[in-house]
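Report on the structure given below.
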Amino acid sequence: MSQPIDRAGAFGQNLYLDTRGTGGEPISFTKAVVNGLAPGGGLYVPEQLPSLSIDDIAALAELPYAQRAAAIYRAFNIDLADEVIDELMERAYGNNFDTEAVCPITSLDESTHILELWHGPTSAFKDMALQCLPHFFSASAEHLREQGKLDHEFMILVATSGDTGKAALEGFKGVDGVSIGVLFPDGGVSDIQRKQMVTTTGDNVCVWAVRGNFDDCQTGVKRAFSDDVFAEELLAQHAIALSSANSINWGRLLPQVVYYISSYAELVAAGKVQPGDEIDVCVPTGNFGNILAAWYAKQIGVPIGMLLCASNDNRVLTDFINTGTYDISDREFILTSSPSMDILVSSNLERQLFELTGRNAEAISQWMVDLNEKHCFRVDADTFARVRENFSADSVDNATCLATIKAVLDEHDYLLDPHTAVAYAAAQNLRGSNPVLIASTAHWAKFGDNVYRALHDMAPADPLPTDVAALTGCQLNQRIAEETGKRDIPAGLANLDAMEVRFTNVIDSNVEAIEAAAGEFLSRS
């Protein structure tokens with residue numbers, strides 16, 4: 001694999017910039033990972049991106065997935081030794097995934113390929129990053145301690161719309177020097193997602209339901225991160241600093257870049273794409289991290305044509321890509337059949353705009369101020385033109401989402417979860433002549449209620465039949481498996497009913513309530 005940076009001669013020189021330009025001098029990968037968020041609220045991006053040839057990318061198919069990931073991390077010239085990177089990747093992508101392929105590709109036809117990102121321990125695509133990030137977080141902290149640059153431990157504080165929470169809990173539980181607290185919208189996640197979180201084992205974990213929606217959770221967490229007084233209290237009383245496992249952390253985003261590079265290598269190796277031929281990539285997204293990772297893969301050398309952004313009824317990203325205006329000033333938050341995408345404030349769009357403006361931190365800062373104060377911003381004409389060069393977008397309503405699940409099962413004998421169904425439907429509307437790689441973000445059994453509605457031609461708002469509504473999420477999944485013959489329910493989902501519920505607290509979404517809950521947890525632990 002080509003390496004644009006001599007790691008031996010320039011070790012650690014690929015530093016990280018702050019999208020808002022307020023974080024001071026660029027910092028190392030290890031510091032960017034443990035910080036999570038830059039001072040002043042900006043996000044970290046690497047100063048340099050590696051450049052890989054088609055031969056470099058195709059050669060990855062000869063390696064196991066863990067070694068592919070290690071090769072790409074080395075190409076990014078992170079400030080950890082090669083042997084450390086190799087060891088961490090072997091831990092991240094081993095028998096914790098239910099297939100040696102880690103993220104296999106299923107082709108529905110010769111030009112429609114499903115990238116299955118849900119073979120990890122929580123059956124959602126977040127595992128691809130959150131089985132990796134905790135290992136690199138711990139190693140980064142230890143690296144900085146050895147250099148005398150760190151003398152405290154960390155609390156990971158995570159807002160989740162459903163999947164990130166359990167994946168982060170599973171990744172960080174038992175990790176030395178780290179506690180983790182997860183907040184999810186009360187009533188805003190599926191029964192399976194809730195049970196996955198509230199039954200998590202481990203002494204260093206805590207979970208809170210929050211009154212409000214995901215954006216309320218995320219806003220409260222961001223305000224806790226920017227509260228200097230709270231930060232001083234945590235250091236003084238607990239010798240702890242906050243950090244993040246959301247995709248605002250570059251250590252969460254880089255593993256996602258890996259799987260898009262790896263997937264192209266897989267398609268070439270399988271003879272489904274000729275080396276150098278373009279593919280389009282369709283991603284169901286609310287927070288913009290997963291589709292941004294595909295954009296970075298494109299910059300590094302993967303022949304990606306268009307990035308197809310699939311929204312649900314919360315279509316703020318589709319509207320932005322089509323108009324150049326990001327406006328949530330009078331936008332209703334809609335609960336949909338694809339709840340992990342029920343997001344109005346898309347945090348990673350900030351990174352994308354930083355890149356598309358030629359890394360103009362001043363413009364980003366002003367747009368983020370406008371978003372915070374006016375709940376709206378509009379990009380300039382040049383930036384909007386670059387958005388349109390790279391992205392096309394469509395939204396898929398609840399009824400179409402459910403109809404798509406049934407249609408794909410009937411036509412291809414393949415059962416989609418609602419989020420992947422949104423992407424499949426959007427891909428059919430947006431695709432051109434290129435083959436399309438569709439990011440499949442969750443196993444269908446995480447959303448059995450809406451899958452059942454889809455299979456029985458029910459409207460999204462229809463209540464489930466009385467006998468079905470009485471079933472637990474696990475029992476409902478078993479019924480769907482019997483009806484469809486799709487008996488591949490992961491053990492981690494099938495056995496949830498037998499797990500002890502450990503966390504039942506419901507808190508307000510304001511920053512005071514979140515900080516009080518975090519402080520109480522740290523005092524007990």
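As a basis for the values below, the full set of heavy atoms in this structure was taken, side chains included, without hydrogen atoms, waters or symmetry mates.
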Give me the atom names and distance for the closest heavy-atom approach of [X] to [Y].
| X | Y | answer |
| --- | --- | --- |
| Ala425 | Val396 | CB-CG2, 3.9 Å |
| Gly448 | Ile480 | O-CD1, 3.3 Å |
| Leu37 | Ile248 | CD1-CD1, 3.9 Å |
| Ser346 | Gly286 | OG-O, 2.6 Å |
| Ala224 | Val511 | N-CG2, 3.4 Å |
| Ala399 | Pro460 | N-CG, 3.6 Å |

Does the [X] side chain pair with the main chain of [Y], one donor and one acceptor, at a distance under 3.5 Å?
| X | Y | value |
| --- | --- | --- |
| Asp191 | Gly473 | yes |
| Thr318 | Asp394 | yes |
| Asn314 | Ile334 | yes |
| His419 | Ser340 | yes |
| Asp342 | Leu335 | no |
| Gln218 | Val345 | yes |
| Asn290 | Thr285 | no |
| Thr200 | Met197 | yes |
| Thr404 | Thr400 | yes |
| Lys166 | Gln196 | yes |

Side-chain donor-acceptor pair under 3.5 Å between [X] and [Y], yes or no?
| X | Y | result |
| --- | --- | --- |
| Arg453 | Ser337 | no |
| Thr122 | Asp127 | yes |
| Gln193 | Asp163 | yes |

- Verdict with reasoning, Leu157 to Leu183, per side chain to side chain contact (heavy atoms under 4.5 Å, CB included): CA-CA 8 Å; Leu157 201 58; Leu183 303 98; 4.0 Å; yes
Within the structure provided, determine whether [X] and [Y] are in side-chain contact (heavy-atom separation under 4.5 Å).
| X | Y | value |
| --- | --- | --- |
| Asn204 | Lys173 | yes |
| Asn450 | Leu402 | yes |
| Ile405 | Trp444 | no |
| Arg91 | Gln131 | no |
| Lys195 | Asp497 | yes |
| Phe137 | Ile156 | yes |
| Arg331 | Asp319 | yes |
| Thr484 | Leu409 | yes |

Does atom [atom1] of [X] have more than 12 heavy-atom neighbours from other groups under 6.0 Å away?
| X | atom1 | answer |
| --- | --- | --- |
| Glu110 | CD | no |
| Gln475 | CD | yes |
| Asp109 | CG | yes |

Short N-O contact, [X] and [Y], less than 4.0 angstrom:
| X | Y | result |
| --- | --- | --- |
| Lys486 | Asp413 | yes |
| Asp410 | Lys406 | yes |
| Arg211 | Asp216 | no |
| Lys446 | Asp417 | no |

Nearest 0.5 angstrom please: [X] [atom1] to [Y] [atom2], how far?
| X | Y | atom1 | atom2 | answer |
| --- | --- | --- | --- | --- |
| Cys474 | Leu496 | SG | CG | 4.5 Å |
| Ser111 | Ile279 | OG | CD1 | 12.0 Å |
| Leu115 | Tyr259 | CG | OH | 7.5 Å |
| Cys282 | Leu430 | SG | CG | 6.5 Å |
| Ile438 | Thr420 | CD1 | OG1 | 8.5 Å |
| Met128 | Leu117 | CE | CG | 6.0 Å |

- Task: Check the pair Phe184, Val198 against side chain to side chain contact (heavy atoms under 4.5 Å, CB included), reporting the backbone distance first and the verdict last.
- Result: CA-CA 10 Å; Phe184 69 90; Val198 300; 4.2 Å; yes
- Query: Asp467: what forms a side chain to side chain donor-acceptor pair (under 3.5 Å) with it, not counting sequence neighbours?
  - Reply: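 Scan of Asp467 (side chain to side chain donor-acceptor pair (under 3.5 Å), adjacent residues dropped) gives Arg479.
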- Query: Can you list the residues that meet the side chain to side chain donor-acceptor pair (under 3.5 Å) rule with Arg252, with sequence neighbours excluded?
  - Reply: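 For Arg252 there are no side chain to side chain donor-acceptor pair (under 3.5 Å) partners, ignoring immediate neighbours.
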- Item | Intermediate values then yes/no, salt bridge (charged side-chain N to carboxylate O under 4.0 Å, His left out), Asp227 and Arg223 | CA-CA 6 Å; Asp227 186 341; Arg223 288 175 177 165; over 6 Å; no
- side-chain hydrogen bond (donor to acceptor under 3.5 Å, both in side chains) assessment of Lys126 paired with Thr160: CA-CA 11 Å; Lys126 307 296 175 72; Thr160 182; 5.7 Å; no
- Message: Evaluate Phe288 against Phe391 for ring-ring contact (aromatic ring centres under 6.0 Å, His included), listing each step before the verdict.
- Response: CA-CA 12 Å; Phe288 211 77; Phe391 296 92; 5.6 Å; yes
- Query: After noting the C-alpha distance and the side-chain angles of Phe172 and Val205, does the key distance pass the side chain to side chain contact (heavy atoms under 4.5 Å, CB included) rule?
  - Reply: CA-CA 8 Å; Phe172 278 100; Val205 306; over 6 Å; no
- Distance flag, aromatic centroids of Tyr73 and Phe136, threshold under 6.0 Å: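 Distance test on ring centres: under 6.0 Å, yes.
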- Measure centre to centre between the rings of Phe503 and Phe521, then say whether the value is under 6.0 Å.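 Ring centroids of Phe503 and Phe521 are no less than 6.0 Å from each other.
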- Item | ring pair (Phe, Tyr, Trp, His ring centres under 6.0 Å) involving Phe225 - partner list, sequence neighbours excluded |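 Phe225: no ring pair (Phe, Tyr, Trp, His ring centres under 6.0 Å) contacts found.
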- Anything under 30° is parallel, anything over 60° is perpendicular, the rest tilted; go ahead and classify Trp250 against Tyr296.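 Rings of Trp250 and Tyr296: perpendicular, as their planes differ by over 60°.
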- May I ask you to decide if the ring planes of Tyr452 and His456 are parallel, tilted or perpendicular, using 30° and 60° as cut-offs?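 Tyr452 and His456: parallel rings.
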- Message: Let's go through Val302 and Tyr260 carefully: what are the C-alpha distance in whole Å and the side-chain angles of both, what is the deciding distance for side chain to side chain contact (heavy atoms under 4.5 Å, CB included) to 0.1 Å, and is it a yes or a no?
- Response: CA-CA 8 Å; Val302 179; Tyr260 287 113; 5.8 Å; no
